[in-house]
Protein chains: 2
Amino acid sequence: MSTLSQVAKHAGVTAATVSNVLRNRGRVGEETRRRVLEAVAALNYRPHLAARALAEGRAPTLALMVSSIANPFYPEFALAVERAARESGHFVIICNTNEDPLTGRAYLEQIAGTLSEGVLVMNANLDFDDLHRTQSGGTPVVLCMWERPADPPALPCVAVDFELAGRLAGEHLIGLGHERIGAIVGSKPMGIHASRYDGFADAMRRAGLEVAAANVLHAPDTVQGGYAAALALLDRDPGISAIFATNDLPALGAIDAAADIGRAVPRDLSVVGITDIQLAQQWRPPLTTVAVPTVEAAGLAVSLLRELIAQPASLADRMRVASEPHLIVRGSTAPVNRTRAANAACPARPSPI
Amino acid sequence: MSTLSQVAKHAGVTAATVSNVLRNRGRVGEETRRRVLEAVAALNYRPHLAARALAEGRAPTLALMVSSIANPFYPEFALAVERAARESGHFVIICNTNEDPLTGRAYLEQIAGTLSEGVLVMNANLDFDDLHRTQSGGTPVVLCMWERPADPPALPCVAVDFELAGRLAGEHLIGLGHERIGAIVGSKPMGIHASRYDGFADAMRRAGLEVAAANVLHAPDTVQGGYAAALALLDRDPGISAIFATNDLPALGAIDAAADIGRAVPRDLSVVGITDIQLAQQWRPPLTTVAVPTVEAAGLAVSLLRELIAQPASLADRMRVASEPHLIVRGSTAPVNRTRAANAACPARPSPI
DNA sequence: ATGAAAGCGCTAACAA
DNA sequence: TTGTTAGCGCTTTCAT
């Protein structure tokens with residue numbers, strides 16, 4: 001690895017000049033520029049990023065805090081983040097917290113401000129105090145997927161209307177004639193799935209329907225978690241004709257669970273999720289779900305972070321709202337099968353139809 | 001962010017002493033140490049990673065080059081890499097090449113040696129010359145999953161016996177009585193799936209069976225790719241009773257394709273893949289596959305890289321061989337269904353049983 | 001046991 | 001247009 005001054009010597013100029021031609025700063029003579037470029041090529045020179053970062057007082061990377069990159073949702077997001085980050089010349093460091101706030105804190109303390117210029121937080125279950133501390137330490141932080149646009153957090157964020165997502169899911173099911181519906185709610189420690197359920201419950205209420213407390217279960221955000229929860233739900237109340245899950249992975253598990261106990265999806269049970277991860281369309285049957293603008297959110301998060309880096313004082317307009325979630329109907333939902341439902345149990349209330 | 005010298009001033013000592021205290025280098029008086037630690041806490045001091053890197057002449061990160069983190073296989077690997085990297089105090093920068101050698105080169109040129117101390121290459125379709133160049137530039141490179149242990153590459157690597165994997169898959173199918181078998185081979189530009197097919201073909205040959213050239217198709221490493229290939233395979237030769245895919249994703253697609261044209265898996269068609277990604281066990285039916293030691297390979301790759309970083313001159317022993325792949329029988333394979341096969345077409349040769 | 005000083009590779013005033 | 005000079009925050013001899 002050759003250095004700036006080696007290049008300078010080779011070109012018969014000074015380091016500052018080389019720096020200038022490389023970054024198109026200051027005015028440089030045509031002939032000089034040529035010689036410098038020649039030297040750069042000859043010595044195969046590459047700027048030392050750490051040195052540059054130190055001199056500029058900035059850092060060349062962004063940190064992406066995520067609970068676990070192995071969860072199928074995050075890679076899609078991470079890919080979009082990386083793409084956006086490159087445009088501003090940043091690299092991205094992937095920080096798996098495994099849902100452990102202490103791991104998250106360790107990451108923040110180590111890299112914030114010294115290696116990473118900004119921090120993107122994607123459902124990593126971090127301590128809010130830790131995040132505030134890094135922010136007041138001068139390293140901007142943005143929450144990548146805040147679930148309640150109407151209720152902005154104390155940190156900059158990209159918001160997605162997940163309550164609407166829940167409502168759309170509920171309305172879809174209701175429109176199909178379903179009345180007795182079970183719910184599988186993510187059990188994230190931060191309770192971030194509450195608004196998704198609220199939207200769903202609200203749709204139910206407006207339709208004059210209610211969800212029995214016994215018919216809402218919490219489950220981890222995995223296929224297995226949804227599988228177990230669906231089994232439990234269907235066991236407690238076989239009269240359920242549909243299941244709403246606050247996330248795709250558990251919804252996928254619910255589909256499998258239904259199949260395993262002989263309830264065909266969507267004929268004997270409808271299932272709907274939220275997010276629209278890639279897997280959703282590959283499942284059998286493909287999952288009806290409410291799509292969330294993942295890639296857009298990633299882009300917004302990065303650009304917001306860039307702004308905050310550029311002018312840390314900009315306290316206003318700290319929230320970007322991504323476009324609205326929308327329903328994608330696939331093969332996991334169908335009109336309620338009254339015969340099947342009647343066989344299993346009596347309806348909870350008279351049919352509104 | 002406070003600096004070393006601020007801490008030093010606060011503690012009434014010099015920066016060098018603080019540095020010594022923090023890194024347990026040199027002898028430091030008990031009382032002094034106490035005061036320094038106190039100052040560190042009071043000022044909430046964190047070492048500046050870029051500055052340290054510059055002073056030490058090393059870099060705090062490892063680069064993980066991957067074709068696309070959105071491919072479900074890589075996240076599992078990336079998670080393991082990050083875990084291992086943290087143990088040596090490294091952060092990992094995720095570099096998606098999108099199979100484009102130019103993107104890969106750009107990454108290498110930018111971060112190798114200046115921001116990353118080493119490079120891990122995971123099926124990123126990089127130019128070998130580029131890799132050699134970064135290696136001779138002083139930044140160690142290791143290939144994370146070399147497919148032919150018997151034929152070491154010119155770069156340090158972790159090898160997994162994928163030929164064996166292919167053979168195991170083939171033997172499993174043959175043991176089940178399958179004789180006419182289709183193959184879906186990954187179409188990676190680097191041809192890395194050739195050895196997988198070789199192992200399979202070898203097993204066939206030993207059993208006195210042959211694979212018609214028309215029955216081997218290339219396909220991209222996706223569910224969709226496998227779906228299309230399986231459809232084509234089954235259309236060309238309906239007499240096929242099993243499909244071997246060199247990767248899990250296409251195998252999964254093949255299962256779906258079979259189902260869609262009314263061939264039940266495994267009753268009317270057996271399907272086997274290679275890798276054992278998490279999805280394999282979640283599919284319906286769950287995929288029989290040859291498991292490859294992903295996490296182990298990640299650990300080996302990182303530790304090899306660490307060694308090379310520590311002593312770049314160690315030219316010997318540049319290959320680590322991970323443990324052998326092993327068959328995992330799940331629900332996608334079953335004994336050949338002669339009735340079904342006979343209906344579809346005549347067997348290619350007399351049954352050896 | 002602690003301090004002084006140089007330097008990692010680069011950028012950024014300011015001079016010339 | 002180009003060179004000089006500091007200095008980013010840290011580590012590391014070498015003195016003391």
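The chains referred to below are lettered A, B, ... by the order of the sequence lines, with proteins before strands, and numbering in each begins at 1.
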Under a plain distance cut-off of 3.5 Å, with no hydrogens placed, do [Y] and [X] share a side-chain donor-acceptor pair?
X	Y	value
A/Thr61	A/Glu117	no
A/Asn96	B/Arg86	no
A/Asp221	A/Asn71	yes

Rounded interatomic separation in angstrom, taking [atom1] from [X] and [atom2] from [N]:
X	N	atom1	atom2	value
A/Glu56	C/dC8	CD	P	19 Å
A/Asn20	C/dT11	CG	P	9 Å
A/Arg23	C/dT11	CZ	P	5 Å
B/His48	C/dC8	NE2	P	19 Å
A/Leu49	C/dC10	CG	P	10 Å
B/Arg58	D/dC10	CZ	P	16 Å
B/Glu31	C/dT2	CD	P	9 Å
B/Arg46	D/dC10	CZ	P	12 Å

Q) Toward the 5' end of DNA chain D, which comes first, B/Thr3 or A/Thr17, by nearest nucleotide? A) A/Thr17
Q: Tell me which of A/Ala16 and B/Ala51 sits closer to the 5' end of DNA chain D, going by the nucleotide each one is nearest to.
A: A/Ala16
(Q) Tell me whether the side-chain N/O atoms of A/Ser19 come closer than 4.0 Å to OP1 or OP2 in C/dT11. (A) yes
(Q) Whether B/Thr14 contacts C/dT2 is assessed here as follows: a side-chain N or O lying under 4.0 Å from the phosphate OP1 or OP2. Is that the case? (A) no
Q.
Counting C-beta onward and ignoring hydrogens, is there a side-chain heavy-atom pair between B/Met65 and B/Met122 closer than 4.5 Å?
A. no
Q) Does some side-chain heavy atom of B/His10 sit less than 4.5 Å from a side-chain heavy atom of B/Leu43? A) yes
**Q.** Options D/dT12, C/dT11, C/dG3, nucleotide nearest the side-chain atoms of A/Arg52
**A.** C/dT11
Q. Between C/dG7, C/dT2, C/dC10, which nucleotide has the shortest distance from any of its atoms to the side chain of B/Ala55?
A. C/dG7
Q. For B/Gly57, which contact category applies under a 4.0 Å heavy-atom criterion: base, sugar-phosphate, or nothing?
A. nothing
**Q.** Most 5' of A/Tyr45 and B/Gly12 on DNA chain C, judged by nearest nucleotide
**A.** B/Gly12
